[in-house]
Enquirer: 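My questions all concern the structure below.
Nothing fancy with the numbering, it's 1 onward along the sequence. Read the numbers this way: they start at 1 and go in the same order the structure lists the ligands and their atoms. All of these numbers come straight from a predicted model, not from anything done at the bench.
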Amino acid sequence: MSTVVLIGAQWGDEGKGKVTDFLAQRADLVARYQGGNNAGHTVVVEDREFKLHLIPSGILYPDKICIIGSGVVIDPEVLLRELESLEKQGISTANLKISERAHIIFPYHQKLDFVEEERKGKNKIGTTCRGIGPAYMDKSARVGIRMIDLVDPDEFKSLLERNLEGKNHLLTRVYNNEALDFNRVWETYVRYAASLKGYLADTSLIINEAIKQGQSILFEGAQGTMLDLDHGTYPYVTSSHPVAGAACIGAGIGPTCIDWVIGVAKAYTTRVGGGPFPTELKDDTGAYIRKHGGEFGTTTGRPRRCGWFDGVVGRYSGRINGLHCFAVTKLDVLSGLEKVKICTGYGYRGDIIKDFPANHKVLRECIPVYEELPGWQEDISGCREFSELPYNARRYLERISEVTEVPIGLVGVGSRRSQTIISDDFSEVMDR
Ligand code: IMP
């Protein structure tokens, strides 16, 4: 395996954790490059379940270097809890390296996330209220506090004083909320700094050195393409860039360093939070998928909105990310349905739209055009080859590939590492 970027091709929660874990077996280094603890991966290893929010799932292998890149926003409390929980389960965290340039989430970010959502009322985004948006806002406004600033007491003190003054003004005067106490925040974060100092590094340097030495690198995206700040369903998006191109910025590598881009897509579609979702099913089939797919958020526990596979989104994602292939997850969830549907375009005022529109008014009027295919009743969780899948399941995958113009490299038929089918092309990626 050379350098691979793995991203979510829909609205997040595509089952990236399992695919990352699968690819991490072949990688020497695994890096995250955007998002924060709004993400959540569940990885199942030999009957043990690990829930990860910030640390790359490569940490489950003792010999991999794991990196949290500069594009990630870090809540130190969450990170320390995650480190502690891994250590308790016998997983060493010695190989974790955190970018000195990564920005930090503070309690005022979480508060502002919450009050800002409240203020928006029915137009709220449905954020995870983890302070992600406000932390990225500070970064863009050039007032954010980075890991390297946190471990320098003088620098940290003056930055926190300046920030807290402004944020308390906002919280009390604009939002009629309580101010945060400087000493409390200061003391807590100085403690965090002491615990995290040893993990800090110039992570771009480490990654580039590894690339020079011909090591295998996996860049692990969080969230999904349709939640991207530029390319998603703005404003119903996250505040980072889950697309493949962002790996360069958030990890500190050049575009010429990337060999492969893989998009993870569920065999159907889900979304949490507000915003457009053309193929959403608000009926019994949606409820069936939610129940059988266990579609409840890893981070917030919220029930996910469920719908049919959206080929327009798939094709768009193929284009925006330059996908070499899809990893289709959770195909087994659709087993037992009499019919399965793929959205091949959107009907709009007598026309068929094939490219995902930016205009919400247009999107609201779009009616998905479905291709209906016969379902399959067999239990496919034991299939390990494409040829072992029922004909109708194979046909379904073929149509997804034809509609999206993206080949299918890998198919997940269950939550375990072993419950994976790999195409010949994909084997080639991993063997390089
Ligand atoms: P934020 O990232 O917490 O600001 O939330 C913005 C939007 O992105 C909301 O609709 C969230 O539900 C969604 N979101 C954020 N992280 C994830 C994720 O990991 N999976 C799915 N949706 C997410």
Side-chain angles (χ1 to χ4, degrees), residues 6-20 32-43 51-57 68 71-75 78 82 103 105-106 108-120 122-140 220-243 246 250 263-266 268-277 280 290 293-307 310 313 317 329-330 360:
L6 185 91
I7 55 96
Q10 296 158 324
W11 276 281
D13 306 320
E14 296 92 350
K16 290 183 291 293
K18 182 192 154 170
V19 186
T20 311
R32 257 196 73 178
Y33 58 87
Q34 48 74 227
N37 60 306
N38 46 351
H41 282 341
T42 305
V43 185
K51 285 193 192 300
L52 300 168
H53 295 284
L54 270 167
I55 302 177
S57 27
I68 297 182
V72 176
V73 285
I74 297 175
D75 182 332
V78 174
E82 209 162 293
H103 281 245
I105 297 177
F106 285 89
Y108 46 79
H109 292 131
Q110 292 151 350
K111 265 200 162 195
L112 286 168
D113 201 350
F114 184 77
V115 292
E116 187 52 29
E117 279 283 272
E118 293 256 287
R119 192 188 63 79
K120 286 193 179 117
K122 70 173 178 42
N123 294 321
K124 72 176 179 184
I125 290 163
T127 74
T128 57
C129 284
R130 300 296 193 258
I132 306 294
Y136 278 117
M137 278 163 72
D138 277 2
K139 178 176 177 176
S140 302
E220 173 184 333
Q223 289 87 41
T225 303
M226 303 312 285
L227 289 172
D228 185 272
L229 193 53
D230 275 50
H231 302 287
T233 44
Y234 189 91
Y236 298 97
V237 293
T238 190
S239 296
S240 69
H241 294 285
V243 296
V264 186
K266 266 182 202 161
Y268 45 94
T269 313
T270 64
R271 152 159 229 180
V272 272
F277 180 0
E280 180 169 14
R290 185 174 308 109
E295 295 298 350
F296 297 89
T298 314
T299 301
T300 58
R302 290 181 289 179
R304 295 176 185 147
R305 300 156 67 191
C306 298
D310 189 333
V313 166
S317 199
T329 58
K330 298 184 117 172
H360 285 287

Enquirer: Give a yes or no on whether the backbone of Met226 and the side-chain of Gln10 come within a donor-acceptor separation of less than 3.5 Å.
Expert: no
Enquirer: I need the atoms of ligand 1 closer than 4.0 Å to a non-hydrogen atom of Trp11, numbered in the order shown.
Expert: 21 (C), 22 (N)
Enquirer: Does any part of the side chain of Pro276, heavy atoms only, come nearer than 4.5 Å to the side chain of Arg271, both counted from C-beta?
Expert: yes
Enquirer: Would you check whether Val237 reaches within less than 4.0 Å of ligand 1, judged by its heavy atoms?
Expert: yes
Enquirer: Please list, in number order, the atoms of ligand 1 under 4.0 Å from a heavy atom of Arg302.
Expert: 11 (C), 12 (O)
Enquirer: Checking a contact table here: which protein heavy atom is nearest atom 17 (C) of ligand 1, and how many Å away?
Expert: Gln223 CG, 3.5 Å
Enquirer: Do Glu116 and Met137 make a side-chain contact, defined as non-hydrogen atoms from C-beta onward lying under 4.5 Å apart?
Expert: no
Enquirer: Please confirm whether Thr238 comes within less than 3.5 Å of ligand 1 when only nitrogen or oxygen atoms on both sides are compared.
Expert: yes
Enquirer: My understanding is that we take every heavy atom of each candidate and find the minimum distance to atom 18 (C) of ligand 1. Doing that for Ile125, Leu229, Asn38, Thr270, which one comes out nearest?
Expert: Asn38
Enquirer: I need the nearest protein heavy-atom contact for atom 20 (N) of ligand 1: residue, atom name and distance, please.
Expert: Asp13 OD1, 3.0 Å
Enquirer: If the contact criterion is a heavy-atom separation under 4.0 Å, does Gly126 count as touching ligand 1?
Expert: yes
Enquirer: Which ligand 1 atoms are under 4.0 Å away from a heavy-atom of Val272?
Expert: 10 (O), 12 (O), 21 (C), 22 (N)
Enquirer: May I ask you to decide if Asn38's main-chain N or O and Thr128's side chain share a donor-acceptor pair within less than 3.5 Å?
Expert: no
Enquirer: N/O of Asp113 under 3.5 Å from N/O of ligand 1, yes or no?
Expert: no
Enquirer: Enumerate the atoms of ligand 1 whose separation from the nearest heavy atom of Thr127 is less than 4.0 angstrom.
Expert: 1 (P), 3 (O), 4 (O), 5 (O), 9 (C)
Enquirer: Under 4.0 Å, counting heavy atoms only: does Ala222 come that close to any atom of ligand 1?
Expert: no
Enquirer: Report yes or no: does Arg32 contribute a side-chain atom to a donor-acceptor pair with the main-chain N or O of Gly71 at less than 3.5 Å?
Expert: no
Enquirer: Any atoms of ligand 1 less than 4.0 Å from a non-hydrogen atom of Leu227? List them with their elements.
Expert: 8 (O), 13 (C), 14 (N), 22 (N), 23 (C)
Enquirer: Quick one: nearest non-hydrogen protein atom to atom 3 (O) of ligand 1, plus distance?
Expert: Thr128 OG1, 2.5 Å
Enquirer: Is there at least one pair of N or O atoms, one from Arg271 and one from ligand 1, spaced under 3.5 Å apart?
Expert: no
Enquirer: Under the rule for salt bridge (Lys or Arg N to Asp or Glu O under 4.0 Å), what residues qualify as partners of Glu14, not counting sequence neighbours?
Expert: Lys16
Enquirer: Side-chain contact test, heavy atoms from C-beta onward, threshold under 4.5 Å: evaluate it for Tyr234 versus Leu229 and give yes or no.
Expert: yes
Enquirer: Is there side-chain contact between Glu82 and Val78, with at least one heavy-atom pair below 4.5 Å?
Expert: yes
Enquirer: Hey, is Arg130 one of the residues with a heavy atom under 4.0 angstrom from ligand 1?
Expert: no
Enquirer: Under a 3.5 Å distance rule, please check whether Glu295 uses its side chain to pair with a backbone N or O of Arg305 as donor and acceptor.
Expert: no
Enquirer: Name the one of Thr270, Thr269, Asp13 that satisfies side-chain hydrogen bond (donor to acceptor under 3.5 Å, both in side chains) with Arg304?
Expert: Asp13
